[in-house]
Amino acid sequence: MDPLAKRRLSDISFVIDKDLNVKSGNRSFLRLIHKTDFNINLSYILEDSDIKNFKFFLSNFDERFPRRNFLASIKPFENYISCIFTISKQGEFFNVIIEELSYSRQLLDKALMESRELTALMQNFDSYYFLFDGNKYTLKNTKDLNTIFEGSQENFKKYITKTFKINVHNEDSLAQLSAMFENIENFSAGKYYTFLQIDKKILTVHTLKTSTRHNSLIVASINLHKENEPVMNTYSESRDGLTGLYNKKAITELAIKKINEEKSPCSLIILDADKFKECNDSYGHIFGDRVLVSIANCINDAIKGRGIAGRIGGDEFLILLDVTDEDDIHQIARNIRTGIQWSITNVDPESVVTCSMGIAKFPVNAQNYEDLFELADKSLYIAKYRGRNTYILYSPELHDKILIENKQIDDRVTSGKFFFDCVNSELEILNKIQKLDGSKKEAVYEVLNLMISYLQISKITIYDKDFNLLYLAGVDEVNSREDYVKRTSNYFKLFNEYSFLHLDNTNVLNSIDGDRYDLYRFTNISSTIEVLVKDKNCGNLLICYDLYKPARTFKKDKITFALLIARKLSEIL
């Protein structure tokens with residue numbers, strides 16, 4: 001794989017005329033096109049269907065708006081990449097900046113909301129799309145931008161049924177068609193509809209909601225299914241009603257056929273949403289459904305044309321990739337992970353939904369579907385243990401030892417020895433604290449080192465009410481927070497109502513608080529529990545339990561004990 005293909009497309013800018021002739025650009029643009037001069041036409045990297053649409057877009061550029069967005073697919077490498085072009089006009093030329101959509105769904109949402117004539121939306125659709133503006137329906141062809149139909153719902157229903165050969169004699173198809181129009185009339189979006197055609201091809205309709213400056217619109221893509229699609233008799237037999245992905249039965253049958261019968265090389269990913277239950281409990285099932293739809297959209301964006309996906313449980317998904325090259329797998333997994341992390345950021349860190357993934361390859365890691373699924377599931381367990389918001393691509397030399405160790409731990413738990421050892425450790429720490437003299441620093445450090453061993457973390461730091469360092473115990477003497485806390489007025493905005501912050505993987509802050517994310521990244525902190533407690537003089541103590549890379553999930557009983565010890569220390573120090 002080209003080394004550039006592993007990097008995010010960014011900092012790419014150039015100047016073109018309305019016929020797509022390139023006039024100038026920066027170094028990143030030259031690397032993108034693999035040229036040393038600008039004497040080319042942009043058609044060189046554009047997908048065929050986008051060339052005509054882009055020329056139309058530039059020829060009709062509305063100069064009342066300083067910047068406009070256009071969605072397109074470019075092919076600088078082996079595969080096409082979905083990008084957003086941010087365009088401003090300067091005289092007879094156009095300044096263009098390219099950003100890769102797979103890294104941020106926010107860019108896509110922004111483009112959809114700012115789109116005026118919906119030219120940008122067309123780039124996502126294979127053949128046709130239709131609009132409903134509250135009064136009439138309009139059907140268009142994305143290839144030549146021509147209007148094919150315009151009229152009322154009743155007439156449009158007849159037209160679409162005849163044109164796309166929807167079998168209205170099938171009760172399920174008729175019910176789906178009626179539900180689609182009812183949702184559209186109520187401006188409900190984000191739904192998939194699948195209709196079995198007479199010629200045994202499957203037609204899908206996907207609706208979304210956007211707006212122009214003056215009114216809201218429902219926009220729907222109309223696509224004929226391509227390869228890898230199962231031919232089912234009804235919508236309910238193949239699709240999950242909420243996300244539009246395959247349901248458990250359909251995706252499992254497809255995976256078994258591909259692996260056990262066809263013996264086709266592939267990669268299997270099991271994805272689990274992190275802390276989804278907490279999100280559901282805190283914000284309700286409607287918000288939880290939005291999260292699941294968002295996850296499905298991110299998966300679709302990342303695997304476009306290279307695999308299929310299904311929902312196999314409440315917040316669990318199965319993805320079957322046609323690729324086995326590790327660079328490609330890493331790229332897809334990263335795009336899924338970062339896409340999900342960035343898609344919902346309007347809640348506090350305790351409820352931010354990220355994802356963990358376990359990945360295994362056929363036939364390299366296993367010879368049948370059942371064994372492959374088991375390896376991916378075990379890899380998912382390792383990803384969860386390492387702090388969530390990550391993925392593990394199974395490698396026997398790396399992960400078999402971890403799996404054996406986990407089995408040994410499970411055996412210890414079953415026998416009771418694990419709990420017995422934990423209780424002994426906790427009793428030792430509590431006894432030490434009971435007799436602790438806060439004026440004797442050596443005794444305090446003894447307790448802190450016992451806590452480090454018990455929690456299996458890297459260090460503990462304690463700050464006084466003015467956030468001056470009181471104690472630092474552990475693997476190094478790096479004072480991670482003092483300067484940052486003192487110069488940051490809202491340091492505790494991420495703490496919950498009980499005055500503590502718990503992060504199994506500090507990477508989640510990348511989409512929430514960039515400065516805080518940099519603080520942890522530069523000091524190598526991957527997991528943390530930070531507690532703000534009242535000291536004996538009614539001031540505040542900040543007590544931080546930090547784990548260096550790799551990240552790891554804090555078990556609930558460990559978190560509880562860490563909070564208990566923080567409170568006991570505040571009474572003594």
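It should be emphasised that the depicted structure is a prediction, and the values quoted were computed from it without experimental measurement.
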So which heavy atom on [X] is nearest to which on [Y], and how close?
X: Leu245; Y: Gly310; answer: CB-CA, 3.9 Å
X: Ala255; Y: Leu320; answer: CA-CD2, 3.7 Å
X: Asp504; Y: Phe554; answer: OD1-N, 2.9 Å

Quick one about [Y] and [X] (side-chain donor to acceptor, distance below 3.5 Å, no hydrogens or angles considered), yes or no?
X: Tyr484; Y: Asp515; result: no
X: Asn505; Y: Tyr520; result: no
X: Asp274; Y: Thr354; result: yes
X: Asp371; Y: Asn368; result: yes
X: Asn479; Y: Glu482; result: yes
X: Tyr545; Y: Lys459; result: no

Hey, is [X] close enough to [Y] for a salt bridge, meaning N to O under 4.0 Å?
X: Glu571; Y: Arg567; value: no
X: Lys249; Y: Glu253; value: yes
X: Arg481; Y: Asp546; value: yes
X: Arg311; Y: Glu316; value: no
X: Arg516; Y: Glu530; value: yes
X: Asp322; Y: Lys258; value: yes

*Say you draw a straight line from CD1 of Ile259 to CD of Glu261; how long is it, rounded to the nearest 0.5 Å?*
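Output value for this atom pair is 11.0 Å.
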*What do you reckon, are the aromatic ring centroids of Tyr491 and Phe467 less than 6.0 Å apart?*
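No.
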_Can you confirm if the aromatic rings of Phe495 and Phe500 lie within a centre distance of less than 6.0 Å?_
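Between Phe500 and Phe495, the centre distance exceeds or equals 6.0 Å.
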Using modelled atom types only, decide if a donor and an acceptor are shared between the side chain of [X] and the backbone of [Y] within a distance under 3.5 Å.
X: Thr252; Y: Lys248; value: yes
X: Asp513; Y: Leu509; value: no
X: Thr488; Y: Asn490; value: no
X: Thr243; Y: Ala296; value: no
X: Gln367; Y: Pro363; value: yes
X: Ser379; Y: Met357; value: no
X: Thr390; Y: Ala383; value: no
X: Ser267; Y: Leu321; value: no

*Should we say atom OH of Tyr445 is surrounded by more than 12 heavy atoms from elsewhere, each under 6.0 Å from it?*
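Counting other residues, nucleotides and ligands, OH of Tyr445 exceeds 12 neighbours.
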*asked:* Ring of Tyr394, cation from Lys378 - is the NZ or CZ under 6.0 Å from the centre and inside 45° of the axis?
replied: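 Here Lys378 fails the 6.0 Å and 45° test against Tyr394.
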*Set of residues satisfying side-chain hydrogen bond (donor to acceptor under 3.5 Å, both in side chains) with respect to Arg521, sequence neighbours excluded*: Asp518
